[in-house]
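Quick note: numbers below take in every heavy atom, side chains included, and nothing from hydrogens, waters or symmetry partners. Ligands are counted one by one from 1 in listed order, and the atoms in each one are counted from 1 as well. If you read the sequence from its start, that first residue is 1, and numbering goes on from there. As the structure is a computational prediction, the values presented were derived from the model and not from experiment.
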Amino acid sequence: MRRSFAPSQKSRAVQSTVSGSQTRRRGTSYILQLLNSDSPDCEDSVDSKESCSLKDGFATSSQCSQAQATETMTDSSQDTPISTPTNKRFFNVVYGKQSKKKHKTWEGDGVLEVGDSVVILKDTEGKVIGRASGKKFANIEEGNQFYVGSKEVEILDEISSDSVPFNKQPLKSKENDSKESCPPPKKKQKIEKYGKMFSCPVKSGSVSDAAKGLMMPRPDHDHQWKFNTENAELRDVFIDQRLASKLRPHQVEGVAFLYRCVVGLANTDYLGAILADEMGLGKTLQTITLVWTLLKQGPYGVPLLKRVLIVTPSSLLGNWNQEFQRWLGGRIMVYVVDQKNKFVDYEKQPKTPVIIMSYEMFVRCYTDVSKYKFDLVICDEGHRLKNNAIKASTLLNNIDCKRRIILTGTPIQNNLQEFHALVDFVNPSILGTYSEFRSTYEAPIVAARQPDANAEVKSKGERCAEQLNFKTSGFILRRTQELINKYLPAKHEAVVFCKPTATQKLLYEAAVDFWENRLDNDCAQSPVSHLSILIQLKKISNHPFLIIRHDDGDEDESNAEDSKNDVSKHLTSILESNGGTTENDSSKLNVLAALLNSLRNTNEKVVVVSYYKQTLDLIAAFCEQKQYTYSRLDGSTPATQRTAIIDKFNSSSCRDNVFLLSGKAGGTGLNLVGASRLVLFDSDWNPASDQQAMARIWRDGQSKSVHIYRLLTTGSIEEKIFQRQLSKASLGETVVDFVASNSTVRLSNKELKELFIIHDSKCFTHDLMECTCKGDGTKIPVDGDDKENVELKEDESQLNLKTVQATARANLKMNQLFHWQHHSSPFNSTLLKEMGLEMAESYISFVLRNTTS
Ligand SMILES: Nc1ncnc2c1ncn2[C@@H]1O[C@H](COP(=O)(O)OP(=O)(O)OP(=O)(O)O)[C@@H](O)[C@H]1O
Ligand SMILES: [Mg+2]
């Protein structure tokens, strides 16, 4: 009996064909379509022992992302015997020796060719490095880590076949190297000049008085000493009035900050900056303003910049171009490198001052790009440079340009090593080598966060954090979203706790029992990894359909051991003996169904975010069955189509009801203001990813009130991830204040059990808060200061909130929930109606709700 989801290439139109007849089904539905798929056999390929060191305790945050990564790999996949070029997928990867280390050292960049049953790892020249077969890889997604032959690989992103470097003719190198270099500054007698500086008159900038906008800070004597080697007259630099009049106050401050950094007013030796404003604060406009200003002006008369390189994720190329047009109209020439606009053709118009290209394209065209001189390099969504072993990172580092800006809404996700990598990119060596940094800052800060740290260790850690903060605050700026609340329409956020259905409960409990039984030392069978259980619990929470085991009988020997322990096989047989599954078996899907139904005859559009391709396939099938039209953007969407898909969906003429978005592929940077509702169907271990995804619709340009729904299966692993996020989000925030998250917590089996079991409650989170409200939405007055120290009730099941040492801000974050409305079922008559969830009442046990207006 073989069942499968359609492969990714086909997933937009769900594959529905006939297979064996042994499946037990209830009713006809899109599930039926899926079950009837004729796509060939599938199998899960759980390889948790290798992919994630989740052995004796709970995963660290990066382990968790690995866990997820592996999880996506375990989804069922197509198993077509012959792999043809048309059904191949290609991914940029980094590869290296197999290692269980959290921070891996990668050997190089490569490309992974994924056929239906074979994956081939090649280096960027096309040389084969390794192969793997016998497992199915159709659901590989960005961030996955696994082994191919003797190598370990990490998936960076999916690329189309024509983007594969060795599938292409090498780009033609230019006959005439048009490298433009700034003339070397004439050496001058600095002593003389310094004396002259004091009397140097300051003239107005190159813009006319009428057009004068905001004035930028003036250089001090040190700056003049170092940079005004020509002894030129000082000029005041103004932000063009046409732009200045558009900037929000925080953006004026942001532009001035960037100006101080890249001009060298903050530090004459280091000219880099990180603009780490939260999502939607307009980092693009701030950057464009800086670029425009310095392309026209400079503190010593001549414009500071001639040529600027902007590197961005491919899905944002169009966005950057549009933003340049929006704010500057035709006043600036921008060269966007894409499939049509080759980089080699830039030599025909080398005076175009701004080049925008994707990270992948930058790597491919590096030889040509490096022939040009750049005065400023900007890396959008630059947190991807946190891994300095990635080729893009190394090559960008090689660019001979001291002025570097990273833009990111989520600067630190896991640890201080990543932070060091980002800082080292913008201001090389400012914090020393990583090993120096580790001994000076990271080790004491992390030690201070250990549960058993004594007072001395704690105080040393705090001192180091303060020093680090001080050392970096001059070139890192982060502001929070509250700054733009007043410019945006109301935002209604809700965490919707969805009661598990009977099938979900049955499977959930069976999975935990299965794991527990195998823990028993006397048990003849080997234990089941915690990771496999986590995977299954998350699948069950999304929809029982996702656990169905696809047994194709061609497992090789290495899989035999896994299959013996195979929990999904066990669960599949339980599901089948229980009569199979229908769409009603997922409470979250029922809630989504109710929402879509309530919006059917309106012009409101909904973004639905999931981190799992298989779940997006399922929702796509659901939409088709219910005749909702949808757009979709995931890792397999070619870069060339992304902008068009987004623009089409945002346009008022587009009638699509739904936008299916992969949280991994499209979470960052996108503007999806065409939709006014967003459903986060599942959550990531990393709160920053969820925040990124949820910020896509509540941005400047949004004209309607927005509704954001985070769906959690009540009492399940999802709720526990949410609880962990509440703690970790706060840690993440303080990381810019440089207090690192200590993510090396391990849990005992007893603690793991607490984590795995489903809690029978309307809202486990509310229970842990020990909130005394009646759950009728009436807020209990909270004295902010008194509540400052309220934490979740100590409980072993809380993912060791205590041991990750929730900071004061973590408490504050948790406390924010006290300011939300708490609604327990049965609900008052208007609540669910207002939320568009009236039809889903029987599936919802609790709602946490908040409005920002
Ligand atoms: N001053 C402004 N007035 C009107 N609209 C603005 C202003 N600043 C930014 N915007 C708009 O706000 C939206 C979000 O801006 P942008 O994409 O630059 O955010 P971001 O900070 O880069 O967020 P993310 O981290 O999600 O990429 C864009 O549509 C942009 O045009
Ligand atoms: Mg952005």
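In this structure, Leu592 and Lys588 have side chains that are not in contact, with every pair of non-hydrogen atoms separated by 4.5 Å or more.
The ring pair (Phe, Tyr, Trp, His ring centres under 6.0 Å) analysis of residues 642-666, with sequence neighbours excluded, yields the pairs Phe649-Phe659. Applying the ring pair (Phe, Tyr, Trp, His ring centres under 6.0 Å) test to every pair with at least one member in residues 303-333, sequence neighbours left out, gives no pairs at all.
With ring centers used as reference points, Tyr359 lies 6.0 Å or more from Phe362.
The closest side-chain donor-acceptor pair between Arg655 and Thr629, if any, does not fall under 3.5 angstrom.
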Less than 3.5 Å apart, N/O on ligand 1 and N/O on the protein: could you list those pairs with the distances?
residue, atom, partner, partner atom, Å
ligand 1, 1 (N), Lys246, O, 2.9
ligand 1, 1 (N), Gln251, OE1, 2.9
ligand 1, 5 (N), Arg326, NH2, 3.4
ligand 1, 8 (N), Gln251, NE2, 2.9
ligand 1, 17 (O), Arg699, NH2, 3.2
ligand 1, 18 (O), Lys283, N, 3.4
ligand 1, 18 (O), Thr284, N, 3.1
ligand 1, 18 (O), Thr284, OG1, 2.5
ligand 1, 19 (O), Gly282, N, 3.4
ligand 1, 19 (O), Arg699, NH2, 3.4
ligand 1, 21 (O), Leu281, N, 3.3
ligand 1, 21 (O), Gly282, N, 3.1
ligand 1, 21 (O), Lys283, N, 3.0
ligand 1, 21 (O), Lys283, NZ, 2.9
ligand 1, 23 (O), Gly280, N, 2.8
ligand 1, 23 (O), Arg699, NH2, 3.2
ligand 1, 25 (O), Lys283, NZ, 2.7
ligand 1, 26 (O), Arg696, NH1, 3.1
ligand 1, 26 (O), Arg696, NH2, 3.1
ligand 1, 26 (O), Arg699, NH1, 3.1
ligand 1, 26 (O), Arg699, NH2, 3.1
ligand 1, 27 (O), Glu381, OE2, 3.3
ligand 1, 31 (O), Glu323, OE1, 3.3
ligand 1, 31 (O), Glu323, OE2, 2.5
ligand 1, 31 (O), Arg326, NH1, 2.6

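For Arg403, there are no salt bridge (charged side-chain N to carboxylate O under 4.0 Å, His left out) partners two or more places apart in sequence or in a different chain.
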